[in-house]
Amino acid sequence: MKVCANATEALAGLRDGMRIMAGGFGLCGNAEHCIAEIARRGVKDLTIISNNCGNQGQGLAVLLKQRQVSHVVCSFIGGNPDLAEQYAAGTVKVELNPQGTLAERIRAGGAGIGGFFTPTGVGTVVAEGKEVREIDGRRYVLEKPLRADYAIVRAAVGDVDGNLRFYRTARNFNPLVAMAAEVTVAEVDRLVGRGDLDPDDIHLPGIFVKHVFEAREHKNVIEHRTTR
Amino acid sequence: MKVCANATEALAGLRDGMRIMAGGFGLCGNAEHCIAEIARRGVKDLTIISNNCGNQGQGLAVLLKQRQVSHVVCSFIGGNPDLAEQYAAGTVKVELNPQGTLAERIRAGGAGIGGFFTPTGVGTVVAEGKEVREIDGRRYVLEKPLRADYAIVRAAVGDVDGNLRFYRTARNFNPLVAMAAEVTVAEVDRLVGRGDLDPDDIHLPGIFVKHVFEAREHKNVIEHRTTR
Amino acid sequence: MSWSKDDMVRRAAAELKDGQYVNLGIGMPTEVANHISAAVVLHSENGLLGMGPFPRDDEVDPQVINAGKQTVTVLPGGSVFDSALSFAMIRGGHVDVCVLGGLEVACTGDLANWTVPGKMTTGMGGAMDLAAGARRVVVLQTHVAKDGKPKLVERLALPATALGCTNRVITELGVFDPAGDHFRCVERAPGIDEVQIRQSTGAKVVFTPST
Amino acid sequence: MSWSKDDMVRRAAAELKDGQYVNLGIGMPTEVANHISAAVVLHSENGLLGMGPFPRDDEVDPQVINAGKQTVTVLPGGSVFDSALSFAMIRGGHVDVCVLGGLEVACTGDLANWTVPGKMTTGMGGAMDLAAGARRVVVLQTHVAKDGKPKLVERLALPATALGCTNRVITELGVFDPAGDHFRCVERAPGIDEVQIRQSTGAKVVFTPST
């Protein structure tokens, strides 16, 4: 049975020192209830794999504020003073990845790929210490897959079998991290019954989801409210 | 303007010696009108990249019957006497790939990946002449991307911007080959207007599709009609 | 008395547990579906999860097929997806169990099931991915070939599908787990004794106390 | 008189042609959107094609944002997708043009735009993928730094974003194409002469007849 009552139940197996992948781009598409539960539990020495690790003191940045995070694998620090500060102080280790490389490494982790050659990063600091190879006249860097103990995912709709649908640009890294963890926890705005989703309408098949719970309330923080 | 009147218009640029990728699994999800047009045109010396290259004398097998094909990159020959015969006679060169490797090579071609390490095929004929490398305790084979001049794709619904939706297991290789060709032609059961598809409901974004035309009639041949 | 084909298929079905995602190979493994009592989800590598039984006459949909190109149904809760994601599921270890047919299994777990030299090949299709990728591989095959040659061997004579991949072999004589330099026999068909098994097997067999 | 920021943005917009898929980087490049007359489709690397203008007050949706985390809209014909597919579009050469901000461009086409040693980095985000992957890279930047140092150079002093990737640079002084061992000036801002450009550029400049 994949359905859980809440984040506490879904994340019961979380321990100090674990690697957690989180969907979301900045504060959009964040598994807010999962993050709150990790903060409440106070587990420490976490590695967070996420495009931003929060922003503006919110989202995953709460875990930084509480000093629960020792490593971050991300693509962007801008807008995240907590990460910038702890990175500068050396209290959090940060591994910066080009955003597309981060996405592809996570996908590779989920898809059983042992590594891949990407043109991104050739001739830059990203390629330092990595194999660079010319293939059919173009140079590529070898990148390795990423995996985690837990993935926390936010979806718009989920069914009792863990099938998920995302909403607009809240999709981002969510379906990818769901594939690459030992245990994937999905919090969904709306939980529906078996067969309520058409097979053609499912963005992420339930095979990748271990626990699903409904969380109707989300803050959905806007980072930059731009209007015309 | 992506919308074409028919397959003749959409495939006008097709030439002898080109590489064509085709969606479809056996006879399911075939771009039937595109195949008929290629047969009508009689272009020769084609390389077909497709899971099966037709079956039971139908689908892409028509091109084999007409001796238009010189190379096939596929995963399965069973059920395709035309391919078996011409392969045995040496008149068609066949490169067999594990099905998952074939799918991933096509995706890599579309995604700008220069190569990837897969565990599939290690210790088999598939690995002969390829680099095998141990990564984190597991052995992998290095596989290269596949690309083509044309991809022919069948979808259930397409809009004027080339956004596509597939139907059930007719999806298979269709969205993948669409990503990996210089020119992708989509034949759709139903053509709809701009904005008729919700952004969340699009299986393949139009960026990958160059030409789209409506073809309401399809044979949809059943290979093995099994009932209870 | 050795197991019938039907017995073997039922024995394979008994391997499956509630909540597992399961891929059944073409041929005898496909028949396992008819005997599963656990609540499993069937995966078909052409891009389908939640595969249901063959359709009724009036339900036949040419665009709903399995990897054997047979018309099937999609159960409530099922989903469809492209071939790259389908094999990501397999290679990424998300498919819990795969039941495959076999031509030869070595006690090292190596499996041969896709081609026989000198015969026209059908191609490997998804067999290599399934064998290399599934978390647990169960092979369903006869214990010996038609000419009496053992199909459980020390070392493959036929071209490999994948190395070290097989967790369990079910034959008409019993259930055998590759264990490195020998097979561990964990179950014997009724009336089959250790001598019969040893004579029919091309590698060392160790019998567990319970057999 | 050199071009204003607005002139530069308009000049960049004039680079775009009907039917192109275009990604506009964060900062000045984002403003290019306001001046496009061609029928292009805007791509945002967080997973959006068919990006529309900022929403009206009553249309704001926190779950519809661009890569700068600004609220935007989706035009009819638009689509959303995950980050892996989004960067497959970029790396796979499906995005026709990318307009990026720059800190330095070398006449070899090398681009530096993501970090300055000694300053806290923001991370590269999608910049390296866009620079390495887009079919055509147009860089929008000032011709010289605040301290007067040329930003069009022979060789990058700053850490590279990608090598040999830049097709065109638009500055307040004109339009420049990296051409290997020199920049080709294909357009001068009104009233700007060759001497001014040569003095402000850290590499050889060749003027095309039309300039």
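A, B, ... follow the sequence lines: proteins, then strands. Residue 1 opens every chain.
At a threshold of 4.0 Å, the pair Glu95(A)-Lys93(A) does not count as salt-bridged, since none of the basic side-chain nitrogens sits closer than that to a carboxylate oxygen. Here Glu104(A) pairs with Arg91(D) in a salt bridge; the nearest charged N to carboxylate O distance falls below 4.0 Å. Using a 4.0 Å cut-off between charged nitrogen and carboxylate oxygen, Arg10(D) and Asp6(D) count as a salt-bridge pair.
No hydrogens or angles considered: nothing links the side chains of His224(A) and Thr71(D) as a donor-acceptor pair under 3.5 Å. Asn97(A) and Ser75(A) are not linked by any side-chain donor-acceptor pair at a separation below 3.5 angstrom, with hydrogens and angles left out of the test. Checking Ser83(D) against Asn172(A) by side-chain atom types alone, no donor-acceptor pair falls below 3.5 Å.
In this structure, no portion of Asp110(D) lies under 4.5 Å from any heavy atom of chain A. If you measure heavy-atom distances from Ala162(D) to chain A, the contacts under 4.5 Å come from the backbone alone. In this structure, the portions of Met128(D) lying under 4.5 Å from any heavy atom of chain A include both its backbone and its side chain. Heavy atoms closer than 4.5 Å to chain D are found nowhere in Phe166(A), neither backbone nor side chain. Looking at Asn80(A), there are no atoms closer than 4.5 Å to chain D (heavy atoms on both sides), in backbone or side chain. Looking at Ser44(D), neither its backbone nor its side chain comes within 4.5 Å of chain A, counting heavy atoms on both sides. Within the 4.5 angstrom heavy-atom criterion, only side-chain atoms of Val60(D), from C-beta onward, approach chain A. Of the two parts of Ile65(D), the backbone and the side chain both hold a non-hydrogen atom closer than 4.5 Å to a non-hydrogen atom of chain A. Only the side chain of Pro175(A) comes within contact range of chain D, with at least one heavy atom under 4.5 Å from a heavy atom of that chain. Residue contact with chain D, scored on non-hydrogen atoms closer than 4.5 Å, involves the side chain of Leu176(A) exclusively. Only the side chain of Glu59(D) has a heavy atom closer than 4.5 Å to any heavy atom of chain A. For Arg105(A), no part lies under 4.5 angstrom from a heavy atom of chain D. Proximity to chain A involves both the backbone and the side chain of Ala67(D), based on heavy atoms less than 4.5 angstrom apart.
Annotation: Lys130(A), atom NZ; neighbour count of heavy atoms from other residues, nucleotides and ligands within 6.0 Å is above 12. Atom CZ of Arg133(A) sits in a crowded spot, with more than 12 heavy atoms from other residues, nucleotides or ligands closer than 6.0 Å. Atom CZ of Arg198(D) sits in a crowded spot, with more than 12 heavy atoms from other residues, nucleotides or ligands closer than 6.0 Å. The environment of Arg228(A) atom CZ is dense: over 12 non-hydrogen atoms of other residues, nucleotides or ligands sit within 6.0 angstrom.
Looking only at heavy-atom pairs under 4.5 Å with chain D, the residue among Ala156(A), Pro119(A), Gly26(A) that has the most is Pro119(A). No other option in Pro159(D), Ser86(D), Gly125(D) has as many heavy-atom pairs under 4.5 Å with chain A as Gly125(D). When each of Leu163(D), Thr161(D), Val72(D) is checked for heavy-atom pairs under 4.5 Å with chain A, Leu163(D) comes out on top. Contact count versus chain A (heavy atoms, under 4.5 Å) is highest, among Thr73(D), Asp61(D), Val74(D), Leu85(D), for Asp61(D). Your options are Pro55(D), Ala88(D), Cys165(D), and the one with the most heavy-atom pairs under 4.5 Å with chain A is Pro55(D). The most heavy-atom pairs under 4.5 Å with chain A, out of Gly78(D), Ala160(D), Gly47(D), come from Ala160(D).
The aromatic rings of His43(D) and Phe81(D) sit parallel, their planes meeting at an angle under 30°, below the 60° perpendicular limit.
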Report the C-alpha separation of Asn30(A) and Ile35(A) in whole Å, then their side-chain angles, then the decisive distance to 0.1 Å, and conclude whether the side-chain contact (heavy atoms from CB on, under 4.5 Å) test is met. CA-CA 8 Å; Asn30(A) 281 358; Ile35(A) 296 169; 4.3 Å; yes
